[in-house]
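Everything on this sheet refers to the single structure shown next.
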Protein chains: 2
Amino acid sequence: MKKADKHQKILVAATKVFGSKGFFSARISDIAKEAKVADGTIYLYFHNKYDILLTLFEEEIAKLIVDIKAALAQEEDPRRKLYIFALHHLKLVIEKKELAEVLQMELRQSSDSVKEYRITKFVDYVNIISGIIHQGQKSGIFRPELKPGIIKRAFFGALDEMSRLWILNSDHSYTVDDTADEISSIFLNGISLPT
Amino acid sequence: MKKADKHQKILVAATKVFGSKGFFSARISDIAKEAKVADGTIYLYFHNKYDILLTLFEEEIAKLIVDIKAALAQEEDPRRKLYIFALHHLKLVIEKKELAEVLQMELRQSSDSVKEYRITKFVDYVNIISGIIHQGQKSGIFRPELKPGIIKRAFFGALDEMSRLWILNSDHSYTVDDTADEISSIFLNGISLPT
DNA sequence: GAGCGAAATGAATAGAAATTCATTCTTATG
DNA sequence: CATAAGAATGAATTTCTATTCATTTCGCTC
């Protein structure tokens, strides 16, 4: 097995374990077992437990941002863009359930030193939304008096809360498509100028 | 000092410490120091570290639910109710910052056994929203095709995300009133039937 | 298939912190 | 003010687990 493979294998295992138990309750030996390597092997690829988490963020979140930006680049209309963002975000949550669980939990932890880093990445992601809102206001589609800084949070929060529902319970009463439809519909009605 | 006082004093200290460091990074000795008691004293009032967290949930969240239900009982119009919920929720976040921090973090942890308990309480709280939506739909004010199960999440998520902004950064670009106005305005526009 | 460096192993170590408990202090009562 | 029950203390103990490292296994080349 190539070196890069094992690095990846450990990350995948760690994602699973962090996702299900949380960073602090996760044991290195849990991760090792999940990855089918010895405890010590992990330290050949990562400096320490914390480094595993950081690498996870670094490598995976960056991918998400690239992904969603690519999907949005296809589209001009800000109303459509908002819908696409919702759909894409929710799809990711379903497809990468374990990663989503780690994000859900760890983004909320106020562990000082990390906080900085995490928030930087995170802000990049959420700012995609305010960009869309801003564009829509400039072109006279969205109500100009609304504050993009609040809307982006509200919109992201709405999506994120649906993720939590899916992740923490295993509730699937609502499909991804229905949810994306409904949430973007509420917001589009809520923020659009009357025609 | 009466027994009940010390119990309370430790809970207050724990809220502060859990809020700032998170449950796992918080040391019993931190809590003891904050409460100005000896480490051992804490064990006269709580079984263990975990029990402190549970008691926090039990005693404090229950209060919040009672509070907000009382505030809502004053009002009939579901549109006003939604606004009041938003305002009340955000005010609580500001007034009980430390508690809000604990909730933000710990509600997301998937620590199995607790999960059950936390979710029960939590669901009670969020269901207040779906109750309002349902009432509005019955009286023909809100669009009947929208699913209260999604809206409640979206609405709560929007509020919660603003809380995170306030809590994790110390951002206060937006006032409580502005935020409550704007979020409930977006939702009311988004979910109301055209008149 | 012998020999070598790299990779992997997992038992042993070390450190951190939760919890205990023998001792000391407080308070209430006669 | 003597005394006992209840509270409080904090040093000592125990537990838990991240990390290390001496040893073994693997994969390659000649």
Side-chain angles (χ1 to χ4, degrees), chain A residues 1-58 102 105-106 109-115 117-118, chain B residues 1-59 101-102 105-106 109-114 117:
Chain A
M1 175 172 287
K2 268 181 277 158
K3 226 180 168 219
D5 286 351
K6 199 155 274 185
H7 170 97
Q8 195 55 29
K9 206 170 144 195
I10 293 168
L11 272 189
V12 170
T15 307
K16 197 168 282 184
V17 177
F18 287 158
S20 89
K21 318 182 87 166
F23 178 73
F24 288 105
S25 301
R27 303 291 140 237
I28 287 291
S29 57
D30 296 336
I31 299 174
K33 193 186 289 177
E34 178 72 37
K36 299 206 175 85
V37 298
D39 294 15
T41 305
I42 289 180
Y43 290 87
L44 300 175
Y45 294 88
F46 300 91
H47 297 309
N48 51 43
K49 185 181 172 186
Y50 189 57
D51 182 42
I52 305 176
L53 184 64
L54 273 194
T55 307
L56 213 66
F57 274 85
E58 190 137 19
V102 178
M105 282 189 281
E106 302 309 329
Q109 217 70 34
S110 69
S111 206
D112 305 328
S113 61
V114 220
K115 219 165 96 174
Y117 174 73
R118 293 177 188 170
Chain B
M1 176 172 286
K2 267 181 276 154
K3 226 176 169 227
D5 285 350
K6 199 153 274 187
H7 170 97
Q8 194 56 29
K9 206 170 144 196
I10 292 169
L11 272 190
V12 170
T15 307
K16 197 168 282 184
V17 176
F18 288 159
S20 88
K21 318 182 87 166
F23 177 74
F24 288 104
S25 300
R27 302 291 143 236
I28 287 292
S29 57
D30 296 335
I31 299 173
K33 192 186 289 179
E34 178 72 37
K36 299 208 176 81
V37 298
D39 293 17
T41 305
I42 288 179
Y43 290 88
L44 299 175
Y45 293 89
F46 300 91
H47 297 310
N48 51 41
K49 186 181 169 185
Y50 189 57
D51 183 40
I52 305 176
L53 185 65
L54 273 195
T55 307
L56 212 67
F57 274 84
E58 189 137 19
E59 299 190 359
E101 290 179 63
V102 178
M105 283 189 281
E106 302 309 329
Q109 218 68 34
S110 70
S111 204
D112 304 328
S113 60
V114 218
Y117 173 73

Task: A:F18 and A:I52, any side-chain heavy atoms less than 4.5 Å apart - done: yes
Task: Separation of atom CZ in B:F46 from atom P in C:dT20, rounded to whole Å - done: 15 Å
Open item on the list: Measure NE2/A:H7 against P/C:dA7 and give the value in whole Å, please.
Closed with: 15 Å
TODO: Starting from the 5' end of DNA chain D, give me the residue, A:I28 or A:T41, whose nearest nucleotide shows up first.
DONE: A:I28
TODO: Verify the contact: side-chain N or O of A:Y43 to OP1 or OP2 of D:dC21, cut-off strictly under 4.0 Å; return yes or no.
DONE: no
Open item on the list: Rounding to an integer number of Å, can you tell me how far A:D30 CG sits from D:dA18 C1'?
Closed with: 12 Å
- [ ] Output yes when at least one side-chain N/O atom of B:K49 is less than 4.0 Å from OP1 or OP2 of C:dT19, else no.
- [x] no
Task: Interatomic distance where CG belongs to B:N48 and C1' belongs to D:dT15 [whole Å] - done: 14 Å
TODO: Check whether any side-chain nitrogen or oxygen of B:Y45 sits under 4.0 Å from OP1 or OP2 of D:dA8, and answer yes or no.
DONE: yes
- [ ] Classify the angle between the aromatic ring planes of B:F23 and B:Y50 as parallel (below 30°), tilted (30 to 60°) or perpendicular (above 60°).
- [x] perpendicular
Task: Side chain to side chain, A:T55 and A:H7, heavy atoms closer than 4.5 Å - done: yes
Open item on the list: Could you measure the distance from the CD atom of A:E34 to the CD1 atom of A:I31? Nearest 0.5 Å is fine.
Closed with: 9.5 Å
TODO: Measure from CG on B:D39 to C1' on C:dT20 and round the result to the nearest Å.
DONE: 12 Å
TODO: With heavy atoms under 4.0 Å as the rule, sort B:A26 into base, sugar-phosphate or nothing.
DONE: sugar-phosphate
- [ ] In whole angstrom, give the distance that lies between atom CG of A:L44 and atom P of D:dC26.
- [x] 16 Å
Open item on the list: In whole Å, I'd like the distance from the CD1 atom of B:I42 to the P atom of D:dG10.
Closed with: 12 Å
TODO: Rounded off to whole Å, could you give me the CG-to-C1' distance for the A:D5 and C:dA7 pair?
DONE: 14 Å
Task: Exercise: identify the closest heavy-atom pair between A:R27 and A:K49 - done: NH1-NZ, 4.0 Å
- [ ] Tell me whether the OP1 or OP2 atom of C:dA16 has a side-chain N or O from B:R27 closer than 4.0 Å.
- [x] no
